[in-house]
There are 4 protein chains.
Amino acid sequence: MGRTTQRQDLKEERRREILEAALHVFAKRGFDKATVDEVAERAGISKGAIYLYYKNKDALFFSLFEQKMDEAREPITEAMRSATSLPDLVRRVVTAQLEFLQSNQEFFRIFSSEQARFDLDFQSDFRRLLRRRFNAYISELGKAIGRFVGPGEKTLSRDLALSLIGMMNTHTTDWIINHRSEPLTAKIDLIVSLFLHGVETFAAEDRALSA
Amino acid sequence: MGRTTQRQDLKEERRREILEAALHVFAKRGFDKATVDEVAERAGISKGAIYLYYKNKDALFFSLFEQKMDEAREPITEAMRSATSLPDLVRRVVTAQLEFLQSNQEFFRIFSSEQARFDLDFQSDFRRLLRRRFNAYISELGKAIGRFVGPGEKTLSRDLALSLIGMMNTHTTDWIINHRSEPLTAKIDLIVSLFLHGVETFAAEDRALSA
Amino acid sequence: MGRTTQRQDLKEERRREILEAALHVFAKRGFDKATVDEVAERAGISKGAIYLYYKNKDALFFSLFEQKMDEAREPITEAMRSATSLPDLVRRVVTAQLEFLQSNQEFFRIFSSEQARFDLDFQSDFRRLLRRRFNAYISELGKAIGRFVGPGEKTLSRDLALSLIGMMNTHTTDWIINHRSEPLTAKIDLIVSLFLHGVETFAAEDRALSA
Amino acid sequence: MGRTTQRQDLKEERRREILEAALHVFAKRGFDKATVDEVAERAGISKGAIYLYYKNKDALFFSLFEQKMDEAREPITEAMRSATSLPDLVRRVVTAQLEFLQSNQEFFRIFSSEQARFDLDFQSDFRRLLRRRFNAYISELGKAIGRFVGPGEKTLSRDLALSLIGMMNTHTTDWIINHRSEPLTAKIDLIVSLFLHGVETFAAEDRALSA
DNA sequence: AATGAATGAGGATTCATTCAT
DNA sequence: TATGAATGAATCCTCATTCAT
């Protein structure tokens with residue numbers, strides 16, 4: 001391995017460390033309250049060093065966001081690709097996403113607190129990009145659902161995707177803020193069933209049980 | 001009406017005006033980027049006057065939150081109380097909540113961006129309170145659902161409540177950040193049906209249609 | 001005098017004080033080395049207060065520049081207006097300018113150190129404005145000279161103006177950096193004579209003297 | 001040539017390269033805004049290497065100044081030495097200086113922006129030295145003029161030297177900041193004539209022309 | 001000799017909060 | 001009550017200089 005490559009690796013490693021530190025700090029404080037100083041301290045380097053790796057606080061934040069969204073997308077995309085039926089699709093996607101969120105609750109905190117402001121300006125076009133990404137994800141899931149629900153039902157498919165994602169998100173929020181001890185993935189069945197058959201499933205079961 | 005009461009009323013009126021201004025500014029900028037100056041300007045009073053009515057920026061924010069959550073609760077609680085069946089309950093609650101959010105998207109932005117940090121400290125106990133409120137709302141809806149779904153299914157009912165709320169939230173987010181022109185309430189039917197019968201409803205309809 | 005007017009006056013007074021402080025600090029340190037802190041300290045106010053009166057350091061500098069150039073222009077313009085002959089014009093202008101510089105050597109330091117960079121960008125268009133002002137002054141003096149030297153000789157007149165100003169500037173520089181005890185205005189005769197009749201005047205006088 | 005000498009030469013060569021780079025950067029940005037990084041980049045070496053050749057940024061700046069002043073002095077001194085009459089002296093000096101400035105406008109920018117602060121402290125004694133140099137140049141030219149104007153007229157000669165230099169400087173400034181396309185040396189005749197015979201020369205010519 | 005990563009002091013700017021009027 | 005000028009702590013970012021390699 002050449003010297004240049006080694007150096008490159010070290011640089012990559014350092015970027016990762018900073019991102020890791022940034023993840024915690026941004027999750028704990030939110031973008032605005034987070035200070036570069038705290039990120040540096042957590043990364044065990046000096047404040048100035050941050051700027052050797054990231055142009056500024058925005059860039060650091062954006063980089064973090066991108067990396068995590070990429071990380072999340074892979075298994076979810078894979079889930080969509082390999083699905084053979086609607087139930088199969090839904091189960092795979094919910095599993096993939098909840099598993100990701102379970103091990104990335106800090107990212108979820110960040111994402112969640114930015115989400116409702118994706119249409120507001122944030123240093124020119126940072127948020128625009130996030131919104132695009134968000135919409136792309138919804139569309140992708142919408143299309144996947146559409147394949148089973150009906151070919152021309154674009155709006156409906158999208159709405160269903162939104163709904164499914166919404167359920168997952170609120171359960172994640174609940175799991176995080178109430179420090180649930182059971183794994184987030186324990187909610188997979190519930191969400192899948194509800195999405196597929198509605199509350200009736202549970203009501204039916206219940207009736208059967210109490211009968 | 002005594003002089004004191006009149007004064008009291010004036011004070012209340014002023015507090016309302018400030019809250020109104022704060023709502024817009026906090027929604028547009030987020031808590032941290034919002035400045036007391038901008039709130040004052042929007043309220044048409046001086047910066048110093050804000051401090052006559054609210055101890056500090058945090059208190060102002062908190063007060064805003066409380067007021068809006070109260071405002072939201074009323075019609076939703078009413079919906080729960082008067083519901084005669086599960087479908088009826090769901091439709092009433094979804095309608096009430098989406099109607100509220102439709103005319104309070106700014107509050108939703110704020111709420112949404114704080115939500116995922118309700119368990120973290122925020123100037124002593126502000127967030128603790130928000131979390132309590134949030135949980136109270138979920139529980140309330142959970143209980144209402146439980147009345148129809150099954151008496152002892154506490155966890156299930158809560159989970160269903162979470163799910164329903166999640167769907168509404170994501171649709172609201174989508175409606176806000178993508179500046180949808182149709183009213184948010186246009187999603188009522190979709191959400192209600194999905195929650196009650198699951199995706200099958202739509203698939204069935206679709207099949208019928210294409211048959 | 002109304003309260004508003006009084007406040008306005010106080011504000012004007014404060015602006016003047018800041019400008020006065022800035023003049024000294026910028027002259028001593030140059031634009032870049034000067035700190036807002038030092039200006040504030042010298043003005044006897046807090047750092048933050050500077051920003052109540054000037055948008056930023058650039059604006060403060062620019063304001064200082066403008067004010068001083070306006071101050072300088074008045075008597076010089078008047079000199080040009082009232083001149084009846086070339087010798088009269090030259091004497092009046094040189095007198096006016098040297099008198100101004102004599103009591104504004106700090107401004108001269110600032111001006112002088114910026115002058116040769118008027119074509120370089122400085123926060124977009126600050127320097128552009130300075131250059132325009134500088135050229136306007138040269139043109140004005142050029143036109144005044146042109147009235148006596150020859151009507152169509154635009155370039156020549158401008159060049160003569162440049163030359164005259166150059167002489168004054170170097171004498172001012174010399175007077176400042178070598179801390180001459182005699183007044184700067186002691187050089188009026190020399191400059192006027194040299195400009196009007198060239199070095200011959202002195203050579204002639206000298207010959208006569210030594211004869 | 002010994003190994004040591006070779007090494008010495010290499011070192012000298014490297015110092016020259018750095019100085020060359022520094023010249024551009026300092027001229028473009030000014031001393032304070034210029035960064036060692038940019039100098040290094042332009043010199044094609046690493047930032048750290050700069051410090052192998054120059055103690056610090058100040059030393060680099062000083063060295064640059066010295067070198068350029070030496071460079072300028074040579075032809076001007078030669079011009080003074082070989083002059084046979086006042087007109088000859090003036091023409092030679094003006095030609096030499098304008099030629100130098102024409103190919104060293106960047107140095108002029110730097111010099112010009114420091115000039116008016118030669119009497120102020122700058123990292124102990126840097127400016128003291130510059131002032132000495134400046135005065136030495138004036139004196140030298142003053143003496144040369146004195147040889148033709150009159151032996152005992154020290155002050156007068158110095159003042160004439162200052163005047164002549166002043167004219168050249170302003171024309172150079174004008175040429176630089178207004179990006180004149182004609183060469184700076186095109187102003188030689190004007191300056192020489194004006195210095196020798198005063199504005200009358202031009203007025204006379206003009207009158208003759210219009211007669 | 002040379003590199004360039006790392007440091008940390010320093011500076012511009014913002015803004016919650018106070019307080020004299 | 002109301003104002004808005006003033007404060008100064010806090011924060012982002014830059015960059016000269018050092019130093020391990």
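Worth knowing before you read on, the calculation uses all heavy atoms, side chains too, and leaves out hydrogens, waters and symmetry mates. To find a chain, count down the sequence lines: A is the first, B the second, and so on, and within it residues start at 1.
OP1 or OP2 of E:dA1 has not a single side-chain nitrogen or oxygen of D:R14 nearer than 4.0 Å.
In this structure, NZ of D:K33 is placed 13 Å from P of F:dT14, rounded to the nearest angstrom. Whole-Å rounding puts the A:K11 NZ to F:dT21 P distance at 18 Å. Between the CD atom of C:E41 and the P atom of F:dT7 there is a distance of 13 Å, given to the nearest Å. For the pair B:L52 CG and F:dG4 P, the interatomic distance rounds to 13 Å; values are reported in whole Å. Atom CD of C:E13 is separated from atom C1' of F:dA6 by 16 Å (rounded to the nearest Å). Rounded to a whole Å, the CD atom of A:E17 is 13 Å from the C1' atom of E:dA5. Rounded to whole angstrom, the span from the CG atom of D:D32 across to the P atom of E:dG11 amounts to 11 Å. Atom CD1 of C:I50 and atom P of F:dA5 are 15 Å apart (whole Å).
Using a 4.0 Å cut-off between a side-chain N of Lys or Arg and a carboxylate O of Asp or Glu, A:R127 and A:E114 qualify as a salt bridge. At a threshold of 4.0 Å, the pair C:D70-C:R133 counts as salt-bridged, since one of the basic side-chain nitrogens sits closer than that to a carboxylate oxygen. In this structure, B:R16 does not pair ionically with B:D9, as no charged nitrogen and carboxylate oxygen lie closer than 4.0 Å. Remark: A:E106 does not engage A:R109 in a salt bridge, criterion side-chain N to carboxylate O under 4.0 Å.
Remark: E:dA20 base-pairs with F:dT3. Criterion, Watson-Crick or G-U wobble with two distances under 3.5 Å.
One can find a donor-acceptor pair under 3.5 Å joining the base of F:dT17 and the side-chain atoms of D:K47.
Using a 4.0 Å heavy-atom cutoff across all strands shown, D:A34 reaches sugar-phosphate atoms only and no base atom. The residue D:Y54 sits apart from the nucleic acid: no heavy atom pair falls under 4.0 Å.
Judged by closest nucleotide on DNA chain E, A:I45 is the one of B:T35 and A:I45 placed further toward the 5' end. Closest-nucleotide positions on DNA chain F for C:G48 and D:K55 were compared, and the one nearer the 5' end corresponds to C:G48. When each of B:Y53 and A:Y51 is assigned the nucleotide of DNA chain F bearing its nearest heavy atom, the one mapping closer to the 5' terminus is B:Y53. Nearer to the 5' terminus of DNA chain E, by closest-nucleotide assignment, is the contact made by C:K57 (compared with the other of B:V36 and C:K57).
B:F111 and B:F107 have tilted rings, their planes meeting at an angle from 30° to 60° on a 0 to 90° scale.
Closest to the side chain of B:S46, from the set F:dG4, E:dG4, F:dT1, is F:dG4.
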